[in-house]
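These notes are about the structure you will find just below.
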Amino acid sequence: MSVDRETIDARYAAGNDLRRRGNIAAAESELRAVLQADPSHRDAAYSLAFMLREEGRVEAAATVVANGWQHAAPDAEATLAALGFLLECSAFSTAATLVLEARQRWPEDARLAARAGEILLALGQFDAARTHLDAAIDRDPNQSAAWLRLSYCQRYRDPSDPDIARFESASNDTRLLPITRVCAQFALGKALDETGAAQRAALTFRQANIGARALQPWNERGWNTFVEKRMRENVAAPVAHSKFEPVFVIGLPRTGTTLVSTLLARHDDVRDRGELNWIPSFYTHLADAGRLGDADALSACAALIQAQMRRDDAPARFYVDKNPLNFAYVDFIVALFPRARFIYCRRDARDTALSIWMQHFAHSDLGFAYDLATIARVDADHRRLMERWKNRFADRIIDVDYEALVSDPEFHAARLATFVTGRSSASKAPRRDQIVTTASVWQARQPVYASSIGRWRNYAAYLPELERLFPAETV
C-alpha cells in the first residue's frame, strides 16, 4: 500500500493540535487514521497512547503501543521504551509477550534480560524469571535491580545455595557500581536471614543500609515540616457529588498491606490497582498552588484519579490503592471521595522496623528505611497522623493487626469484605494472575504463614536499637 507522507504528516499534526485543545474524540480519530495508513508511525502511536492513558483508557493505550512495536521494526532502545510504557500501564501480560519476543531478537542485551525477569517475577513465574535474571547478571553485573529480583525468586533454606556465594562476591566487588553492591548486599542479607544466619544477616544489612543512605539521603527536615503542616492543616469540605467508592490500604510499609489487598482482590467486585502515586502527587500539586480549598480543583483531581483507578478493563464497584504512605493524606482523600474507606494495617513496631530496614526501596519517599532511628521517628509521626484521622473519620477507618490477620486470615478476610462491600460472602481462592511488584512478590503467592511474628527476637542481640527505639506493645 502506498503511503501519502504529506497527508499523513498533516493528519498527525492535526491530531496533536486537537489533543492540545482538548478535543479528545477528534484527536483520537485523526491519530488512528494516521496509524491505519502507516502502522509504523511511532510518534503517532505514542501520542495516541499517552492521550488514552490520560483518559484512564489504560488497556487501549497499552494495545496501541504493543501494536506499534510490532509494526515499527524497533531496535532494543525502542523496545525498552515500549516496555517502560506498558509497565506504567500495569500491562504485564502484554509486556511479557513483547519482552520474550525481544529476547529472541536481542539475546545478548542484558537490559532486556533484566526487564524480562522483572515482568515474569511480577506475574509469579519464578523459574522463568530466574532464567532471565541470571542471564542479565551474567552479561552485565551492573544490572543492579536484577540482584534483588533474583533473591525474590525463592525462599532460601540451604546455607550452601550457590546464590549466597554469588551475592557475597558481588557485595565485595569494588569494580561494581555502588548501587549494584548495595542491591547485592540486600539480596545476600535476605538469603542469610532465611537460612537462619541472623548474625551474618544483621552485619550484611548494616552495610547495605549504610550504602543505601549514602546514595539516597533522607530529607529529615522536609519530612518534619510536612508532618507538622499535615497536623495543622484542614483540607476543604468533600466534593459532594462524588459517588466513587475507592479503598485505601494504609499504614507503614511491611505491615501486611499486600496481604490485605490480595485478600480483597478475591472478590469479583474489587479491583486491586497496586501502589498508586496519584494521591501524594495531586496533594503536592494543589498545596504548592495554594488550591487545597478550591472545590473546582478538588473536583478535577477527583475525576482524574477516578478515571485512572477505574480504567477500561472489566468494571468493578470497589477499587483498591495500597500505597501505604497514603496514611499522610486521609483528609485530602475524604475531600476528594466522600465514600472512601481506609484499612489501616498495624504490626508489632519491632517486627515492622526490622522488616523495613531489611528492604531496599527505590522510591525517595521511602528513604527513611535505611536507619532504625529514622524509622522510629517516622513511625511516631505516622501514629500521630493516624490518631488525628481516626478522631475525625472513625467510621471510615478499620484497623487490622498483622498478627491477628495471619493467625486467622479467612475470618479477617470476611471482616474486611463486610467493611468494604457490606457483605461477608465467601471469597474466591487466591488469584494466580494477580500482579505483585513489591518485595512481597514471593509471599503473596504462598499460603499465609505466621512465622514472621516476633522475628525481631532473632536479631535482638545484634540490633539492640530494636528494643531501645521501639515500644514493646503491639501497634
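- Salt-bridge formation is not detected for the pair Asp163/Lys190: no Lys NZ or Arg NE/NH1/NH2 atom is positioned less than 4.0 Å from an Asp or Glu carboxylate oxygen.
- Taking a 6.0 Å sphere around CH2 of Trp278, one finds it holds 12 or fewer heavy atoms contributed by other residues, nucleotides or ligands.
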Evaluate the ring-ring contact (aromatic ring centres under 6.0 Å, His included) criterion for residues Phe327 and Phe248: first the C-alpha distance (whole Å), next the side-chain angles of each, then the deciding distance (0.1 Å), finally the verdict. CA-CA 9 Å; Phe327 71 74; Phe248 295 87; over 10 Å; no
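- We find that Arg53 and Glu59 are not joined by a salt bridge, their nearest charged nitrogen and carboxylate oxygen being 4.0 Å or further apart.
- Using a 4.0 Å cut-off between charged side-chain N and carboxylate O, Arg455 and Asp193 make a salt bridge.
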Go through it in stages, so that I can follow the logic: the residues are Arg166 and Asp134, the test is salt bridge (charged side-chain N to carboxylate O under 4.0 Å, His left out), and I'd like the CA-CA distance, side-chain angles, deciding distance and then a yes or no. CA-CA 11 Å; Arg166 192 180 190 191; Asp134 277 332; 2.6 Å; yes
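- Applying the side-chain hydrogen bond (donor to acceptor under 3.5 Å, both in side chains) rule to Thr94 yields no partners; only residues at least two apart in sequence or on another chain are considered.
- Partner of Tyr329 under the ring-ring contact (aromatic ring centres under 6.0 Å, His included) criterion, chosen from Trp389, Phe337, Phe226, Phe393: Phe226.
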Set out, in order, the CA-CA distance, both residues' side-chain angles and the distance that settles salt bridge (charged side-chain N to carboxylate O under 4.0 Å, His left out) for Arg346 and Asp399, then state yes or no. CA-CA 7 Å; Arg346 311 186 305 182; Asp399 296 348; 3.3 Å; yes
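- Using a cutoff of 4.0 Å between basic side-chain nitrogens and carboxylate oxygens, Lys390 and Glu387 are not scored as salt-bridged.
- Between Leu304 and Glu54, the closest side-chain pair of non-hydrogen atoms is not below 4.5 Å.
- With sequence neighbours left out, Glu220 forms a salt bridge (charged side-chain N to carboxylate O under 4.0 Å, His left out) with Arg377.
- Note on Glu194 versus Arg157: no salt bridge recorded, every NZ/NE/NH1/NH2 to OD/OE distance being 4.0 Å or above.
- For CD of Glu233, the number of neighbouring non-hydrogen atoms (other residues, nucleotides, ligands) closer than 6.0 Å is greater than 12.
- Enclosure of atom CG in Asp127 is not indicated, since only 12 or fewer non-hydrogen atoms of other residues, nucleotides or ligands lie within 6.0 angstrom.
- Using a 3.5 Å distance cut-off with no hydrogens or angles, the side chains of Asp321 and Asn326 do pair a donor with an acceptor.
- Side chain of Arg130 to main chain of Cys153: no donor-acceptor pair is present (N/O by atom type, distance under 3.5 Å, no hydrogens or angles).
- In this structure, Leu192 and Phe205 have side chains that are not in contact, with every pair of non-hydrogen atoms separated by 4.5 Å or more.
- Without hydrogens or angle criteria, Arg311 side chain to Val58 main chain gives no donor-acceptor distance under 3.5 Å.
- Tyr344 and His382 have their aromatic ring centers within a separation under 6.0 angstrom.
- The closest side-chain heavy-atom distance from Tyr370 to Ile375 is not below 4.5 Å.
- The two residues Pro141 and Thr180 have their closest heavy-atom pair at O-CG2, 3.2 Å.
- A donor atom on one side chain and an acceptor atom on the other are not found under 3.5 Å apart for Arg347 and Thr255.
- Salt-bridge formation is detected for the pair Glu410/Arg266: a Lys NZ or Arg NE/NH1/NH2 atom is positioned less than 4.0 Å from an Asp or Glu carboxylate oxygen.
- Between the side chain of His267 and the backbone N or O of Asp269 there is no donor-acceptor pair closer than 3.5 Å.
- In summary, the side chains of Asp272 and Tyr319 do not present any donor paired with an acceptor at a separation below 3.5 Å, with no hydrogens or angles considered.
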Step by step, work out the salt bridge (charged side-chain N to carboxylate O under 4.0 Å, His left out) result for Asp313 and Arg273. CA-CA 12 Å; Asp313 55 3; Arg273 295 308 193 196; 2.9 Å; yes
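- For the residue pair Tyr156/Ser151, the side-chain donor-acceptor check at 3.5 Å is not satisfied.
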Run the numbers on Arg115 and Glu118 for salt bridge (charged side-chain N to carboxylate O under 4.0 Å, His left out), then give the verdict. CA-CA 5 Å; Arg115 273 297 198 191; Glu118 173 190 358; 2.8 Å; yes
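- Between Phe368 and Trp218, the ring planes lie perpendicular to each other; the angle is over 60°, past the 30° to 60° tilted range.
- Residues satisfying the side-chain hydrogen bond (donor to acceptor under 3.5 Å, both in side chains) criterion with Arg384, sequence neighbours excluded, are Glu228, Asp381.
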Would you sort out whether Tyr402 and Ser452 count as a side-chain hydrogen bond (donor to acceptor under 3.5 Å, both in side chains), showing the intermediate values? CA-CA 10 Å; Tyr402 179 83; Ser452 59; 2.8 Å; yes
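- Using a 4.0 Å cut-off between charged side-chain N and carboxylate O, Asp348 and Arg457 make no salt bridge.
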